[in-house]
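Below: the structure, in structure tokens.
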Amino acid sequence: RATGRFVRVASRSHASLHRRAPLRAVHASASADAKMDLKSTNRAFGGEVRKYTHASSSTGTEMTFSVFVPPAAALHAVPVVYYLSGLTCTDDNAVQKGGAFKAAAEKGVMFVFPDTSPRGAGVAGEDESWDLGTGAGFYVDATSEPWSKNYNMYSYVTQELPKLIEQNFSVTSLKSIAGHSMGGMGALAIAFRNPDAYASVSAFAPIVAPTAVPWGEKAFEAYFGADAATKGKEHDPCALLRKRGSAFPQFDDVLVDVGLDDQFLQTQLKPELLEEAAAAVGQKVSVRRHPGHDHSYFFVSSFMEDHVRFHAEALARKAAADASEGPSAPISAVDAATLASFAKTAGKPIQCSAAVAWGPKQPLTHETVTVAPPRAGEIRVKVISNALCHTDIYTLDGHDPEGLFPCILGHEAGAVVESVGEGVTSVRVGDHVIPCYTPQCNAPSCIFCASPKTNLCPTIRSTQGAGYMPDGTTRFTAKKDGKDVPIFHFMGCSTFAEYTVIAEISAAKINKRMPLNKACLFGCGVSTGLGAVWNTCKVEEGSSVAVFGLGAVGLAVVQAAKMAGAARIIGVDLNKDKFRVASQLGCTDVVCPSDHEKPVQQVIAGELTKWGVDYSFDCTGNVDVMRAALECAHRGWGESCVIGVAAAGKELATRPFQLVTGRVWKGTAFGGWKSRSAVPKLVERCLSGELPVDHYVTHSIAVENGDVAAATNAAIDALHSGDCLRAVVTYDDRNAAAGP
């Protein structure tokens, strides 16, 4: 793995540009399914720059390409811009000097940088001159010997490489193309020949009429032989425009930048020929001329951000057009009539039923609340199913130091997007989402999202903790004593309502095949328990584990530890009724502390084991239990993880010697999962059968007559009964209506 290694590459004239050492020829038949070998990875603007090699069926050689994977690709599929480099270049030139990454990261666009030719093909004469052969493939499929066997860059760039990218990266089917010099020619010609395949095309200093300039004439004569005159026009942007005879409806504009101090401007580039051809057919082409700029990457990098934004906007327009024209994906959670109703409520307040907590230790009451439309960066969702978590009750009982009233509680839900605010791109109306109290902004500037060490994105933490949306206001109001009363949000979710508004960065988009009455479990407790084992502690095969508290979170810890290969799993709980399901999920031992005279930590470290367990987990929120969990951890290396949330004012205590002798005390929030990228993967594992969750749902409650509060209070009673893991409340929309 490379760590910031810089390869020096010349940047002035074509003739002086660096050439990579020839790669070995690959004469075996290869396909787009061929293995890609990762050669280096470097972080950039929150994303990654990766270099790969693979055996190419188009060229019969090993080919190299680089990819910039933007941070957004961790959350959802992204569109792609293919960037074709110029004569003598490799993929390194644009990667190291093009300056595309900052804007590409901000816009959520992947960039792919192919090489400019086969290398090491063994073709006679391929290394004799800088403007033919190696580094000068001209993005054509050669038809003349000896070039035709290997020099097939057109097929490579338009077919093989895109297929490889689509098979191996999180990308959409949308793509655009750009290039510099020879690559600018290639980009224009490829787009003009395949207008339906690309959302947009742009070029820096392109060779616009290769059949009429020395570089093109030399290359086409070699690659096409006697057919150079006719074949060359198939790769000549000006000739392609004139042959078409009309503008491309697919391209509102074609962006071209040239430097007026470019040493090749008059002899090889001739941008005025492109302007003439475009004018003749009515095609808009914006040729921008820049005084003082030459042909180098100093010029390219000066205007690269403009090109990235040009393509990002075109790709966004194409995505929107495709969405409006294409068939809707099947919706499993809402019927067609409900989905159609979203168009009527979008942009308007919605009045719906909600369970409002007016104060601590008070039952939830049924209220008709007004839910305002989402603002910029927000989405409004229709809640379909909601699981009750102990944290909701913890706040309702007045134990939460951040608890604010009146509020709408709830944070384990499955929902459908009803409408989106300005700037929202990662979800759209009808998508299924899980609201997540731990957001993931994935912004290039967020060091928390960029770090593999944490999932604690702080982007909206201050307003979320204050009971507000990111702009410092609430989207809920309710009538009390004839007056509109603002209602606080809770954990950025507030899902004890038929509709709620959440930040886009708090919405994990999931597969619509997942029933939302099961998907809601991944909104908090189950995910937290799984992640505590797999992410926070990284429990190894053969290790020993103790789990304190066998509720839903504790059982998720047991399930994860079993899946991780733990050899011994000790379950601890005062309620022996939980031991049966705990044993079914993987507990090898169960302990009830009240059955023993000595502290339970001494039972585990002394009787059940000699030195303690490798990993222990507190899932109770009781600080005394947290201490017991630590003190049963193995001397020298034991780790104890705090998962449960303690009541306000409670503090931890233990003898410092417990830590001096090698134990580690740590905690986890949401199991360390980066919510928007991880939760959809957990859902997929559930759908595949690898990660069953049905056993957590012990009580299913339906909302009747729109009384969300009555159903939720029933769920609270079930949770207090002692035999409930998760009570899932399923909503209806009979009382939901568009507001004034």
Does the side chain of [Y] come within less than 4.5 Å of [X]'s, by heavy atoms?
X      : Y      : answer
Phe65  : Val95  : no
Trp215 : Ser181 : yes
Val308 : Phe111 : yes
Leu269 : Ile207 : yes
Met153 : Pro118 : yes
Thr90  : Phe113 : no
Tyr297 : Ser85  : yes
Lys175 : Ile177 : no

Donor + acceptor pair across side chains of [X], [Y] (<3.5 Å):
X      : Y      : answer
Asn455 : Gln440 : no
Asp91  : Thr64  : no
His307 : Asp257 : yes
Asn152 : Ser58  : no

Can you confirm whether Glu221 is buried at CD, in the sense that more than 12 heavy atoms of other residues, nucleotides or ligands lie under 6.0 Å from that atom? no
Using modelled atom types and a 3.5 Å cut-off, is there a donor and acceptor pairing between side-chain atoms of [X] and backbone atoms of [Y]?
X      : Y      : result
His180 : His295 : yes
Lys674 : Thr454 : yes
Asp141 : Ser155 : yes
Tyr151 : Thr134 : yes
Ser451 : Ile447 : no
Asn511 : Val683 : no
Glu504 : Ser426 : yes

I'd like to check the salt bridge (Lys or Arg N to Asp or Glu O under 4.0 Å) partners of Lys218; sequence neighbours left out, ordered by chain and number. Asp131
Write down the atom of [X], the atom of [Y], and the distance for their closest heavy-atom approach.
X      : Y      : value
Ala205 : Val258 : CA-CG1, 3.9 Å
Thr172 : Pro79  : OG1-CA, 3.5 Å
Asn150 : Thr59  : ND2-O, 2.7 Å
Asp115 : Cys89  : OD1-O, 3.6 Å
Val417 : Arg428 : CB-O, 3.4 Å
Pro71  : Pro444 : CG-CG, 4.4 Å

So Val49 and Lys51, side chain to side chain contact (heavy atoms under 4.5 Å, CB included) or not? Walk me through it. CA-CA 7 Å; Val49 181; Lys51 181 186 286 289; over 6 Å; no
Under 3.5 Å, sequence neighbours excluded: what are the donor-acceptor pairs made by side chains of residues 236-248?
{"residue": "Asp236", "atom": "OD1", "partner": "Cys238", "partner atom": "N", "Å": "3.0"}
{"residue": "Asp236", "atom": "OD1", "partner": "Ala239", "partner atom": "N", "Å": "3.1"}
{"residue": "Asp236", "atom": "OD2", "partner": "Thr211", "partner atom": "N", "Å": "3.2"}
{"residue": "Asp236", "atom": "OD2", "partner": "Thr211", "partner atom": "OG1", "Å": "2.5"}
{"residue": "Arg244", "atom": "NE", "partner": "Ser246", "partner atom": "O", "Å": "3.1"}
{"residue": "Arg244", "atom": "NE", "partner": "Ala247", "partner atom": "O", "Å": "3.3"}
{"residue": "Arg244", "atom": "NH2", "partner": "Ala247", "partner atom": "O", "Å": "3.3"}

As an exercise, state the distance from [atom1] of [X] to [atom2] of [Y], rounded to the nearest 0.5 Å.
X      : Y      : atom1 : atom2 : value
Glu48  : Leu38  : CD    : CG    : 8.5 Å
Glu62  : His54  : CD    : NE2   : 9.0 Å
Leu682 : Ser675 : CG    : OG    : 11.0 Å
Tyr82  : Met110 : OH    : CE    : 9.0 Å
Arg119 : Met63  : CZ    : CE    : 8.0 Å
Cys449 : Ile505 : SG    : CD1   : 7.5 Å

Derivation and outcome, side-chain hydrogen bond (donor to acceptor under 3.5 Å, both in side chains), residues Asp196 and Gln250: CA-CA 7 Å; Asp196 290 330; Gln250 298 90 341; 2.7 Å; yes
I'd like to know whether Phe303 forms a side chain to side chain contact (heavy atoms under 4.5 Å, CB included) with Leu255, so could you lay out the CA-CA distance, the side-chain angles of the two residues, the decisive distance to 0.1 Å, and finally the verdict. CA-CA 11 Å; Phe303 305 101; Leu255 178 61; over 6 Å; no
Is the distance from the ring center of [X] to that of [Y] below 6.0 Å?
X      : Y      : answer
Tyr52  : Phe169 : yes
His235 : Phe138 : no
Phe45  : Phe101 : no

Can a salt bridge be assigned to the pair Glu275 and Arg289 using a cut-off of 4.0 Å between side-chain N and carboxylate O? yes
Could you tell me how the ring of [X] sits relative to the ring of [Y]: parallel (under 30°), tilted (30 to 60°) or perpendicular (over 60°)?
X      : Y      : value
Tyr223 : Trp147 : perpendicular
Phe224 : Phe220 : tilted
Phe299 : His293 : tilted

Would you check, one step at a time, whether the test side chain to side chain contact (heavy atoms under 4.5 Å, CB included) holds for His432 with Lys509? CA-CA 6 Å; His432 289 195; Lys509 178 181 174 181; over 6 Å; no
Using the side-chain hydrogen bond (donor to acceptor under 3.5 Å, both in side chains) criterion, which residues pair with Glu106? Sequence neighbours excluded. Lys102, Arg309
Run the side chain to side chain contact (heavy atoms under 4.5 Å, CB included) check on Thr116 and Leu87 step by step: do they pass? CA-CA 7 Å; Thr116 53; Leu87 287 164; over 6 Å; no
